[in-house]
Protein chains: 2
Amino acid sequence: MSEEKHKTKDRLLDAAESLFASKGFDDVSIRELAAAADVNVAAVNYHFQGKENLFQQVIVRRFVGQRDNTLHALDGILSDPANKPDIAQVIKTLVEQYLKSTLSSPGGGSFMLLVAREMQSQKHHGSKTFFKEMVMPVFRAYSMALMDVRPGLKQEQINWIMASIVGQIHHFIMRWHKKSGFDARSEEIRMMIRMFPALGLSMDEYIAQVTDHITAFSTAAIDSLYPEVSP
Amino acid sequence: MSEEKHKTKDRLLDAAESLFASKGFDDVSIRELAAAADVNVAAVNYHFQGKENLFQQVIVRRFVGQRDNTLHALDGILSDPANKPDIAQVIKTLVEQYLKSTLSSPGGGSFMLLVAREMQSQKHHGSKTFFKEMVMPVFRAYSMALMDVRPGLKQEQINWIMASIVGQIHHFIMRWHKKSGFDARSEEIRMMIRMFPALGLSMDEYIAQVTDHITAFSTAAIDSLYPEVSP
DNA sequence: ATATATATTAAACATTTGTTTGAATTTTGC
DNA sequence: GCAAAATTCAAACAAATGTTTAATATATAT
């Protein structure tokens with residue numbers, strides 16, 4: 001096995017990531033994948049022993065990197081001796097990392113949408129370890145970070161807070177992607193933008209505004225519901 | 001056409017609602033529908049001219065009722081002269097109605113999940129008027145209610161607030177439904193409950209706790225971000 | 001260079017999908 | 001009661017799906 005790029009297996013993984021992200025697992029056929037990667041239809045089964053397996057490897061391949069990025073970003077603000085991290089900083093880091101990952105996918109696909117879908121679908125294409133290896137570490141790290149900056153918070157309270165934050169993130173991701181599913185000049189798009197003007201922005205601006213909003217909204221809620229114990 | 005119940009068309013609509021809600025549009029075959037309703041496979045096309053059309057009629061049939069219930073519930077707290085409504089009351093009504101609808105579906109299916117899916121999917125099986133007839137009126141009514149109880153709020157701010165609330169609602173609905181997709185004794189379920197203990201509750205208790213949390217969380221955020229102008 | 005393992009290919013396979021057909025059956029209007 | 005309309009039915013249809021096969025080509029190693 002050589003070190004060259006553009007081998008069949010890699011092209012397949014790239015095409016699969018982009019296609020799965022933009023259309024979901026069920027709506028991508030093996031023939032579609034093969035055509036996009038410019039390989040034979042049998043290649044999927046030869047190299048990955050099936051469509052499900054390919055999907056899993058797609059998730060693992062990129063999510064491992066994203067997970068480490070997210071954990072590293074958090075570590076950056078926590079371990080900087082010149083920085084006294086507050087709760088807004090932790091939340092902003094989480095939201096920003098989550099949303100930024102949406103852009104970083106090759107082919108313009110939304111990788112984190114793939115994850116959001118997987119986390120919400122009652123079908124389980126991902127590996128059994130997806131939850132354990134991918135979701136849990138990030139959840140734990142940010143839980144501990146929240147406890148760090150707000151020692152009064154109990155685990156149960158953090159569970160609810162995290163759910164509210166992640167729920168908002170997913171919703172704004174889905175909203176953007178839903179918009180992308182319509183014709184740019186359709187009536188539906190005009191209605192959506194009228195109902196939510198931020199959808200008319202560029203993706204970068206959208207991410208920036210969404211990040212600011214979720215951070216402000218959630219921080220305000222936490223500060224008000226679970227006020228810091230005075231020193 | 002008689003007034004009798006249990007006619008083919010109605011049985012088909014009932015079976016479709018339950019099946020679509022629990023599995024989604026694509027994962028329900030016409031043969032599955034026919035078997036569940038105990039009718040011939042051709043009945044779907046004879047009575048509804050296709051699967052998509054059946055889906056639309058399923059959504060419209062029930063959602064019209066839900067929409068009116070939701071609007072009526074809101075009207076109830078706004079027009080009661082003995083009641084001075086506050087922002088928590090409005091939000092709680094929205095969340096509660098939304099979540100309650102999850103239970104009211106026949107066959108134990110989650111009807112609102114169907115709606116949540118439709119609102120998030122980039123595929124558009126619903127009618128073109130789904131957005132205009134179903135989503136917009138509820139959105140508008142609650143927007144106006146929020147403006148009523150908090151005159152200082154601008155439309156743009158309400159857009160963001162509503163998005164955060166609806167995002168949380170959808171997330172908690174999805175979370176419950178995701179749990180239902182696993183074996184009750186599986187390792188995944190144990191992990192999910194450990195990460196979020198409320199999932200171990202009964203559905204009624206889950207709805208009650210989620211309602212309380214979203215209401216408290218969002219109200220706190222709004223009060224803090226956009227404090228009431230002092231009289 | 002040659003034998004052996006690896007990779008690619010076109011074709012076929014077995015299912016499943018939504019839909020249609022045309023005959024049989026039931027209901028309706030008179 | 002009977003003709004006409006509406007409904008039900010088993011069967012077939014065309015298209016798409018994931019996967020497998022067996023032949024061919026390419027690369028690897030000795």
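Chain identifiers are assigned alphabetically (A, B, ...) following the order of the sequence lines, protein sequences preceding nucleic acid strands; residue numbering begins at 1 within each chain.
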Peer 1: With no hydrogens and no angle check, do the side chains of Q168(A) and S164(B) hold a donor and an acceptor under 3.5 Å apart?
Peer 2: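 Yes, S164(B) and Q168(A) have a side-chain donor paired with an acceptor closer than 3.5 Å.
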Peer 1: Could you tell me the separation between the CG atom of L33(B) and the P atom of dT19(C), rounded to a whole number of Å?
Peer 2: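 Answer to the nearest Å: 11 Å.
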Peer 1: Looking only at the aromatic ring of each residue, does the gap between the centers of W160(B) and F172(A) stay below 6.0 angstrom?
Peer 2: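 Centroid separation for F172(A) and W160(B): below 6.0 Å.
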Peer 1: Starting at the 5' end of DNA chain C and moving along, which residue's nearest nucleotide shows up first, R31(A) or A43(A)?
Peer 2: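 Here A43(A) is the residue nearer the 5' end.
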Peer 1: Can you measure L12(B) atom CG to dT19(C) atom P for me and round it to whole angstrom units?
Peer 2: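 Roughly 13 Å, once rounded to whole Å.
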Peer 1: Establish, yes or no, whether the cationic atom of K179(A) lies under 6.0 Å from the six-membered ring centre of Y206(A) and within 45° of the ring axis.
Peer 2: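 No.
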Peer 1: With a 4.0 Å limit, can you tell me whether T8(A) has a side-chain N or O closer than that to the phosphate oxygens OP1/OP2 of dT8(C)?
Peer 2: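 True: T8(A) side-chain N/O within range (under 4.0 Å) of dT8(C) OP1/OP2.
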Peer 1: Could you state the atom-to-atom distance from CG of N40(B) to P of dA23(C) in whole Å?
Peer 2: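 Between P of dA23(C) and CG of N40(B): 17 Å.
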Peer 1: So, K92(A) side chain and D212(A) main chain: donor-acceptor pair closer than 3.5 Å or not?
Peer 2: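 No; zero donor-acceptor contacts below 3.5 Å.
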Peer 1: Starting at atom NZ of K51(A), determine the distance to atom P of dA16(D), rounded to an integer number of angstrom.
Peer 2: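 Interatomic distance, NZ of K51(A) to P of dA16(D): 15 Å.
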Peer 1: Between dG18(D) atom C1' and N53(A) atom CG, what is the distance in whole Å?
Peer 2: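 Going from N53(A) (CG) to dG18(D) (C1'), I get 14 Å.
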Peer 1: In whole Å, I'd like the distance from the OH atom of Y46(B) to the P atom of dA23(C).
Peer 2: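 Distance, rounded to whole Å: 17 Å.
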Peer 1: Using a cut-off of strictly less than 4.0 Å, decide whether H47(A) has a side-chain nitrogen or oxygen near OP1 or OP2 of dT6(C).
Peer 2: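 Answer no for this pair, as no side-chain N or O of H47(A) is under 4.0 Å from OP1 or OP2.
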Peer 1: Grab the NZ-C1' distance between K7(B) and dT28(C) for me, whole Å please.
Peer 2: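 Those two atoms, NZ and C1', are 11 Å apart.
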Peer 1: Measure from CG on D26(B) to P on dA16(D) and round the result to the nearest Å.
Peer 2: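 After rounding, the reported distance stands at 15 Å.
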